[in-house]
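Every chain is numbered from 1 and lettered A, B, ... according to where its sequence line falls, protein lines coming before strand lines. Reckoned from all heavy atoms, side chains included, excluding hydrogens, waters and symmetry mates.
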There are 2 protein chains.
Amino acid sequence: MSTLQTLSRGLQVLEIVSRSSTGLSIAEIAQVLGVHRAIAYRLASTLEEHLLVVRDDEGRIGIGGGVVALSERYQPQLRAAAQPVLRSLAEASGGTAFLCIAQGDECVAIEVAEPETPFLKVSYRVGSRHPVSRGAAGLAIAMQRAPRRTDTEYLQAARRDGFALTHGQLQQGAIGVAAPLARTGRTGLSAEACIGVVALHALDTEQAASAVLQHRDRLLAALS
Amino acid sequence: MSTLQTLSRGLQVLEIVSRSSTGLSIAEIAQVLGVHRAIAYRLASTLEEHLLVVRDDEGRIGIGGGVVALSERYQPQLRAAAQPVLRSLAEASGGTAFLCIAQGDECVAIEVAEPETPFLKVSYRVGSRHPVSRGAAGLAIAMQRAPRRTDTEYLQAARRDGFALTHGQLQQGAIGVAAPLARTGRTGLSAEACIGVVALHALDTEQAASAVLQHRDRLLAALS
DNA sequence: TTGGTGAGTTACAAATATAGAACATAATGT
DNA sequence: ACATTATGTTCTATATTTGTAACTCACCAA
C-alpha cells in the first residue's frame with residue numbers, strides 16, 4: 001500500500017495549521033515538517049487554492065472555511081436528526097450527550113450536546129477519537145459486532161444489558177453510558193453508530209441508561 | 001505561485017468523494033480525475049491514512065470522520081457563541097439565521113439555524129459560498145471595507161442603514177437581511193463576519209432588521 | 001549609509017510520482 | 001467450463017517534485 005509524499009505532507013500541513021489558533025508562518029510550517037521553505041510555500045499555495053487554508057495580511061496561514069463545507073457533507077441526515085435528540089438527552093441526563101460513529105477500530109464523536117447547566121465539563125468534543133475497545137461509546141459499537149473470545153467482561157455485560165456502562169476508561173472519574181444505533185432496516189445508516197452520555201461522577205446511571213435507550217429509539221424513529 | 005499536482009489531485013479526490021453520498025470506487029475516482037487507476041489507489045490510500053476518507057467492505061471510498069475534527073477547529077469560540085444566538089434569531093424572525101465569514105472575495109456560511117416551524121425552506125446551508133458582492137451576507141461584509149467607486153447603490157444603502165437588505169440576489173424570491181460583526185476591540189474575531197436571516201417572501205423586513213441588529217449586539221456581547 | 005534579517009521567488013541536479021502496460025486474482029455471466 | 005469484467009499490484013520510461021543555493025525586495029537597527 002504505497003502512499004504519496006506530497007499529498008501526505010499537504011495533509012500534515014492542514015492538520016498542523018488546524019491545531020494552531022493564531023496561524024503559522026511559512027517558516028514555522030517548514031520547520032515543523034522539516035522541509036525547505038520553498039516546499040512549504042508550494043504546499044500552502046495548493047491548500048489555499050482549495051480554500052482549506054487562508055493567509056492573513058501578515059502572511060500567517062490559518063485553517064480555511066473549506067473544511068466546514070467538507071464536514072457538512074459527512075453524514076448530514078444522521079447528524080441533523082441527532083442534534084435535537086442529543087440536546088434533549090443532555091437535559092434529561094444532566095451529562096454531555098454524544099453521537100459516535102465507528103471508523104474501523106476507532107470511534108469518532110461527530111455530534112455533542114452539553115446540558116444547559118453544565119456541572120463539571122467532561123472533555124468530550126466533536127472529533128474526539130478513541131479505540132472501540134475503550135469507553136462506553138466504543139463498547140456500544142463493539143457490542144454490535146460478532147462476539148470474540150477476547151471480549152472483556154464489560155463488553156459481555158453490555159451485550160446482556162443492551163447498553164454499555166463504563167467508569168473512567170477514557171478520563172479519570174468519568175462515567176459513560178451508551179447504546180448502539182442498530183443498522184437494521186432502512187435507517188440510512190451506512191456505518192455503525194451509537195449515542196450516549198458522559199459525566200463526571202454525578203450521574204444516576206440507572207436513570208441515564210433509561211434516558212439513553214429512550215433517546216436512541218427516538219433517534220431511530222426520526223431516521224426511518 | 002506554483003502549486004503541486006499531487007496535493008491538488010488528492011484534495012480534488014476529497015472534494016469529489018465528499019459530494020457523493022454512496023461513495024466512489026477507485027475506478028470511478030480515476031475516471032473523474034482522468035488519471036490511471038494506480039494513481040487513484042495511491043491518492044486514496046494516502047487520504048485514508050489521514051482518516052479523511054474511509055473504504056467500506058465493498059471497497060468504495062467515502063468521506064471520513066477526520067473532516068469533522070478539522071472543521072471543529074475552525075473558529076470554535078465564535079461558532080459556539082453564535083449557535084444559541086442564531087437559534088433565537090431564527091425564532092424571532094421566522095427565517096433561516098446564519099453566521100458568515102469572509103474569505104477573500106467570498107463569503108462562507110459557517111453556522112445556520114432554521115426556525116422550529118419552517119415555512120418554505122431556503123437552501124442556505126453551512127458551507128454555502130458566494131461572492132461578497134452579492135447577497136445580504138456579502139453586502140454586510142463588503143460594507144465593512146473601504147468604500148470604492150464601483151460600489152453599488154445597495155452597498156451604499158447598507159452603509160447608511162447599518163445593515164444590508166437584498167431581494168433575490170442569491171435565490172429567486174429570497175429576501176435577506178444581514179449586519180456586520182465589527183471587529184473592534186478584543187472580540188477575538190480574526191476575520192470579517194456577519195450574521196443575518198434569509199426567508200422566502202414572507203419576511204417583515206423592518207422587524208427582521210431590528211431582530212438582526214439586536215442579535216448581532218447580543219453575539220458581540222457574548223464574545224467580549 | 002551600511003549591514004542584517006526575513007519573506008518571497010527562481011534555477012537546477014537529484015529524488016519522487018506518473019502514465020501506461022503487463023500481470024494475477026476474484027467475481028460475474030453464459 | 002469459459003469468456004468477461006473489475007480489482008489490486010508490479011514494472012518501466014517520462015514528468016513532477018524536492019532540496020539546495022542564489023537572488024530580489026522590504027524592513028529595521030546601528
Side-chain angles (χ1 to χ4, degrees), chain A residues 1-64 103-105 190-191, chain B residues 1-64 66 103-105 146 190-191:
Chain A
M1 192 78 69
S2 63
T3 55
L4 303 174
Q5 187 183 54
T6 309
L7 176 53
S8 201
R9 281 182 174 165
L11 299 177
Q12 239 181 299
V13 170
L14 195 54
E15 176 70 23
I16 294 164
V17 159
S18 77
R19 289 189 184 282
S20 139
S21 50
T22 55
L24 296 172
S25 69
I26 292 284
E28 289 168 327
I29 292 174
Q31 199 191 359
V32 175
L33 261 67
V35 301
H36 194 267
R37 283 184 304 129
I39 298 164
Y41 275 108
R42 300 190 274 244
L43 291 169
S45 302
T46 310
L47 288 170
E48 189 181 14
E49 205 172 51
H50 289 258
L51 307 167
L52 297 174
V53 303
V54 201
R55 302 203 70 167
D56 64 20
D57 357 296
E58 289 134 35
R60 302 188 76 79
I61 315 277
I63 183 89
Q103 203 114 116
D105 283 330
S190 57
Chain B
M1 188 82 70
S2 64
T3 55
L4 303 175
Q5 186 183 57
T6 309
L7 177 52
S8 201
R9 280 180 174 166
L11 300 176
Q12 239 181 298
V13 170
L14 195 54
E15 176 71 22
I16 294 163
V17 160
S18 77
R19 288 188 183 282
S20 138
S21 50
T22 55
L24 295 172
S25 68
I26 292 284
E28 288 168 326
I29 292 174
Q31 198 190 1
V32 175
L33 260 66
V35 301
H36 196 267
R37 281 183 304 125
I39 297 163
Y41 275 108
R42 300 191 276 250
L43 291 169
S45 302
T46 310
L47 288 170
E48 190 181 13
E49 205 172 51
H50 288 257
L51 306 168
L52 297 175
V53 303
V54 201
R55 303 203 68 167
D56 63 20
D57 356 297
E58 289 134 33
R60 300 187 78 78
I61 314 277
I63 182 89
Q103 204 114 117
D105 283 330
S190 56

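Contact of the L33(B) side chain with the L43(B) side chain is registered, since non-hydrogen atoms from C-beta on lie closer than 4.5 Å. Residues I61(B) and L47(B) have side chains not in contact (no heavy-atom distance under 4.5 Å, counting atoms from C-beta outward). For the pair I26(A)/R55(A), a side-chain contact is recorded, criterion being any heavy-atom separation below 4.5 Å from C-beta on. Counting only heavy atoms from C-beta outward, the side chains of E49(A) and L11(B) never approach each other to under 4.5 Å. Within the 4.5 Å cutoff, the side chain of I16(B) has no heavy atoms near those of the I29(B) side chain.
Atom-to-atom, OH of Y41(A) to C1' of dT24(D) comes out at 13 Å; the value is rounded to the nearest Å. For the pair L43(B) CG and dA19(C) C1', the computed distance is 13 Å after rounding to whole Å. Atom CD in E28(B) sits roughly 16 Å away from atom C1' in dG8(D) (whole-Å rounding). Summarising the geometry, the separation between CD on E58(B) and P on dA26(C) is reported as 18 Å, rounded to the nearest angstrom. Computed from coordinates, the I29(B) CD1 to dA6(D) P distance equals 16 Å when rounded to whole Å. Regarding D56(A), its CG atom lies at a distance of 14 Å from the C1' atom of dA7(C), rounded to whole Å. Protein atom CD1 of I61(A) is 12 Å distant from nucleotide atom C1' of dA7(C), rounded to whole Å. In this structure, CG of L7(A) is placed 13 Å from C1' of dT17(D), rounded to the nearest angstrom.
R60(B) comes within contact range of no nucleotide atom at all, as no heavy-atom separation falls under 4.0 Å. Contacts of S2(A) with the nucleic acid, taken as non-hydrogen atoms under 4.0 Å apart, are absent.
Comparing dT18(D), dA7(C), dT7(D) against the side chain of S25(B) picks out dT7(D) as the nearest. When distances are taken from the side chain of R55(A) to each of dT18(D), dG8(C), dT7(D), the shortest belongs to dG8(C).
At the phosphate of dA19(C), OP1 or OP2 sits under 4.0 Å from a side-chain N or O atom of R9(B). In this structure, R37(A) does not reach the dA22(D) phosphate: none of its side-chain N or O atoms is under 4.0 Å from OP1 or OP2. Between dT18(C) and T6(B), a contact under 4.0 Å exists linking OP1 or OP2 to a side-chain N or O.
Where R42(B) and I26(B) meet DNA chain D, the nucleotide closest to each residue was compared, and I26(B) sits on the side nearer the 5' end. Take the nearest nucleotide of DNA chain C for G59(A) and for V35(B): the residue whose nucleotide is more 5' is G59(A). Toward the 5' end of DNA chain C, the nearer of the two residues H36(A) and Q5(A), judged by each one's closest nucleotide, is H36(A).
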